[in-house]
Amino acid sequence: MKFTRLVSKTLRADPPEAETAAHRLMLRGGLIYQVAAGVYAYLPLAWRSLRKIENIIREEMNAAGGQELMMPALQPLELWEQTNRRAAFGDNMFSLQDRRGRAMVLAPTHEEVITSIVRANVQSYRDLPVVLYQIQTKFRDELRPRAGLVRVREFTMKDAYSFHADDASLDESYQAMAQAYRNIYRRCGLPVLMAEADSGAIGGKDSHEFILPTSTGEDTVITCPGCGYTANAEKAAGRFPDLAPEPAQPLQAVKTPGIKTIAALAEFLSIPESRTLKAVLYTADDELVFATLRGDLEVNEVKLKNALHCRTLRLATDEELKAAGLVAGFASPIGITGVKRVGDPSITSGSSFVAGANQPDTHLRGASYPRDFQVDLLADIALAQPGHGCPRCDRVLESTRGVEVGHIFKLGTYFSETLGALHLDREGQQKPIIMGCYGIGVGRLLAAAIEQNHDDKGMVFPAPIAPYQVHLVGLNLSDAAVAQAAGQLYRDLWAAGIETLYDDRPDPTAGVKLNDADLLGMPVRLVVSPRNLRNGAVEVKGRREAAANMVPLDQVVSHLAARLAAEG
RNA sequence: CGGGGCGUAGCGCAGCGGCUAGCGCGCCACGUUCGGGACGUGGAGGUCGGAGGUUCGAAUCCUCUCGCCCCGACCA
């Protein structure tokens, strides 16, 4: 590709709206063009890279036994009502009407359609297992798109779906997919963490997220430096620090004027936060829920939602609290009735907590479970935090920010049951097909790769996903000998199958061209200039290398072919 | 949906009631330069997001509306 034909313009200055490095660099390098909030065009440089990522994914999916297919993005809403996922997605789903007034959606994902396809084509355990996958556009009307390609409303996603007669077969595919994912990330130059994840509203057993650690990430991963335990914040379990034993005390009221937060309470009474009880009120499917845990812990809403088996969960409003006779800031599990009470195990391991009194400006000392209060449900609802103990060993947990670049699930039989995708087993019994699903956001993977691989001058593409392998720079092209040599080298490189971007612009000075080469970040830079040419040589420099070396002009092509082959 | 901010040339911005709407970058022409974002001269480029209103006169004031960015809740 000749630079003078390239549509992308590089920007000299950073675009002010871009917060993350990847977003900034993709705009500066002319990789993406924003069409609407969370809707981007992929310009030629980005598209070449995205195609390479897709092909890596394709190769690994095929190697893992996947068959590629294509499904419509436009789907009848009715299909989503059958699985109850219209409500689950809510306003996140783009919906529209066709000319006859039929309700349609732009699909956010494809479990419904793939299950319908398999229902029509699989009747027997003999037809199983199968793994199908697609790489295509999906739509989600996100509340807030952000960070360039990381959270967008129209995106390319690879989704694979597996179908099985039994759990052992699902396990096998799940492991194969997990390995395929590791291969994909390795080939894209991404050191990812595989984290245990919550399997979400649909249920199912295992689920793992693949997280690329980066300070600008949206997700939090909890890791253990000792045993390798890795889980996302929603899923992670932690052992909270135990309390020193304390003799039981009688329940006793204490005046706490205006003390409404745990921090203020602990300070006012000169006790650690872990000696208080925290009360958090939620509305779960229109029912008021009273959650209690130790004061130094936070509620993990995903765990709470799972424990309650509810569909929606949100903090209760002040009005709802008043209606239930509760006093905000002084709510207490002691003596409360008419509300569902959920307790975290942390409240059972100590005694003599300070709790609310359900009266203004008053708390109670000496509260002990179960002497002074009980709960309807005792379940782990605490957020694991750095400093807590690892649930698998005796070390202390750490936390890392990251971007989710893949997610695999054991779905189970939810879709096959709601859509009637059944098969006959060996005994002639009709059974729902067992499913798994495995997703990777392609554009997000590119953004993550750039976020992970850049320096202060620009992008540093990992070779397997670089738009071009070589960035050939001609300096001082008004010199006929330079123009001739560079042009010939460009043709020779392509003839040798080496993808080359040739900066053939006649006017920009050396500084402009070299800075653009650094910004765009192809793995190898070649410089043809009068100075180099006088020595019959071309300068060869890896993007990650500080120094260049000189290679005789007539050996450049073979030198590069060997070098690129060695780098894979 | 809550909070904050912004829409003026391809990009970034200034102008916020009174000359023909301006600056930087970029772009075009000519010349000088030529290894880390050069310089000179001349030029092209604008429904001032949209609609309505106030006014002799609106980019500027008022109302409505559309879009975009950032923080939060939601999510791949």
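Scope of the values below: all heavy atoms of this structure, side chains included, with no hydrogens, waters or symmetry mates. By convention in this document, chain letters (A, B, ...) are assigned in the order of the sequence lines, proteins followed by strands, and residues within each chain are numbered from 1. As the structure is a computational prediction, the values presented were derived from the model and not from experiment.
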Electrostatic pair [X]:[Y] at N-O distance under 4.0 angstrom:
X: Glu19(A); Y: Arg24(A); value: no
X: Asp516(A); Y: Arg505(A); value: yes
X: Asp219(A); Y: Arg401(A); value: no
X: Arg543(A); Y: Asp455(A); value: yes
X: Lys138(A); Y: Asp159(A); value: yes
X: Lys410(A); Y: Asp206(A); value: yes

Practice item. Would you list the pairs meeting ring pair (Phe, Tyr, Trp, His ring centres under 6.0 Å) in which at least one residue belongs to residues 500-530 of chain A, sequence neighbours left out? Key: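 The answer is Tyr490(A)-Tyr502(A).
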
Nearest-nucleotide pick for [X], side chain only, options being [options]:
X: Glu539(A); options: rC70(B), rC68(B), rG35(B); result: rG35(B)
X: Gln34(A); options: rC13(B), rC68(B), rC11(B); result: rC68(B)
X: Arg531(A); options: rC69(B), rC34(B), rG35(B); result: rG35(B)
X: Asn92(A); options: rA38(B), rC74(B), rG36(B); result: rC74(B)
X: Leu11(A); options: rC11(B), rC70(B), rC13(B); result: rC11(B)
X: Ala37(A); options: rC68(B), rC71(B), rG36(B); result: rC68(B)
X: Arg525(A); options: rG36(B), rC74(B), rA38(B); result: rG36(B)
X: Glu17(A); options: rC70(B), rA38(B), rC69(B); result: rC69(B)
X: Asn515(A); options: rG72(B), rG35(B), rG36(B); result: rG36(B)
X: Asn476(A); options: rG12(B), rC34(B), rG35(B); result: rC34(B)

Taking only the [atom1] atom of each, what is the distance from [N] to [M] in whole angstrom?
N: rC61(B); M: rC16(B); atom1: C1'; result: 9 Å
N: rC25(B); M: rG42(B); atom1: P; result: 15 Å
N: rG17(B); M: rC13(B); atom1: P; result: 22 Å
N: rU47(B); M: rC62(B); atom1: P; result: 25 Å
N: rA29(B); M: rG36(B); atom1: C1'; result: 27 Å

Which nucleotide, if any, forms a Watson-Crick or G-U wobble pair with [N], using both distances under 3.5 Å?
N: rG67(B); value: rC6(B)
N: rC13(B); value: rG22(B)
N: rC1(B); value: rG72(B)
N: rC34(B); value: none
N: rA29(B); value: rU41(B)
N: rC61(B); value: rG53(B)

[X] [atom1] to [N] [atom2], straight-line distance once rounded to whole Å:
X: Arg24(A); N: rG12(B); atom1: CZ; atom2: P; answer: 16 Å
X: Asp141(A); N: rC1(B); atom1: CG; atom2: P; answer: 11 Å
X: His471(A); N: rG35(B); atom1: NE2; atom2: P; answer: 17 Å
X: Leu519(A); N: rG36(B); atom1: CG; atom2: C1'; answer: 14 Å
X: Leu475(A); N: rU33(B); atom1: CG; atom2: C1'; answer: 14 Å
X: Arg505(A); N: rA38(B); atom1: CZ; atom2: P; answer: 12 Å
X: Leu27(A); N: rG10(B); atom1: CG; atom2: P; answer: 18 Å
X: Leu143(A); N: rC71(B); atom1: CG; atom2: P; answer: 14 Å

Exercise for review: Identify, between Val405(A) and Arg28(A), the residue whose nearest nucleotide on RNA chain B lies closer to the 5' end.
Suggested key: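 Per heavy-atom nearest nucleotide, the more 5' residue is Arg28(A).
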
Review point. Given that Tyr40(A) and Glu154(A) both sit by RNA chain B, which one's nearest nucleotide is further toward the 5' end?
Key: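 Comparing both residues, the 5'-ward one is Tyr40(A).
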
Check your understanding: Is the Phe210(A) to His208(A) ring centre distance short of 6.0 Å?
Key -> no

Every protein N/O within reach of nucleotides 25-28 of chain B N/O, cut-off under 3.5 Å:
unit_1: rC25(B); atom_1: O3'; unit_2: Arg12(A); atom_2: NH1; d: 3.2
unit_1: rG26(B); atom_1: OP1; unit_2: Arg12(A); atom_2: NH1; d: 3.3

Remember a base hit wins even if backbone is also touched, and classify [X] as base, sugar-phosphate or nothing at under 4.0 Å, heavy atoms.
X: Asp91(A); answer: nothing
X: Val403(A); answer: nothing
X: Pro16(A); answer: sugar-phosphate

Are any of [X]'s side-chain N or O atoms less than 4.0 Å away from OP1 or OP2 of [N]?
X: Arg146(A); N: rC70(B); result: no
X: Arg144(A); N: rC74(B); result: no
X: Thr509(A); N: rC34(B); result: no

Point to revise | Parallel, tilted or perpendicular: ring planes of His23(A) versus Tyr40(A), cut at 30 and 60 degrees | key: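 If you compare the ring of His23(A) with that of Tyr40(A), the planes turn out perpendicular.
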
Review point. Can you tell which of Leu77(A), Leu79(A), Asn84(A) makes a side chain to side chain contact (heavy atoms under 4.5 Å, CB included) with Glu81(A)?
Key: Leu77(A)

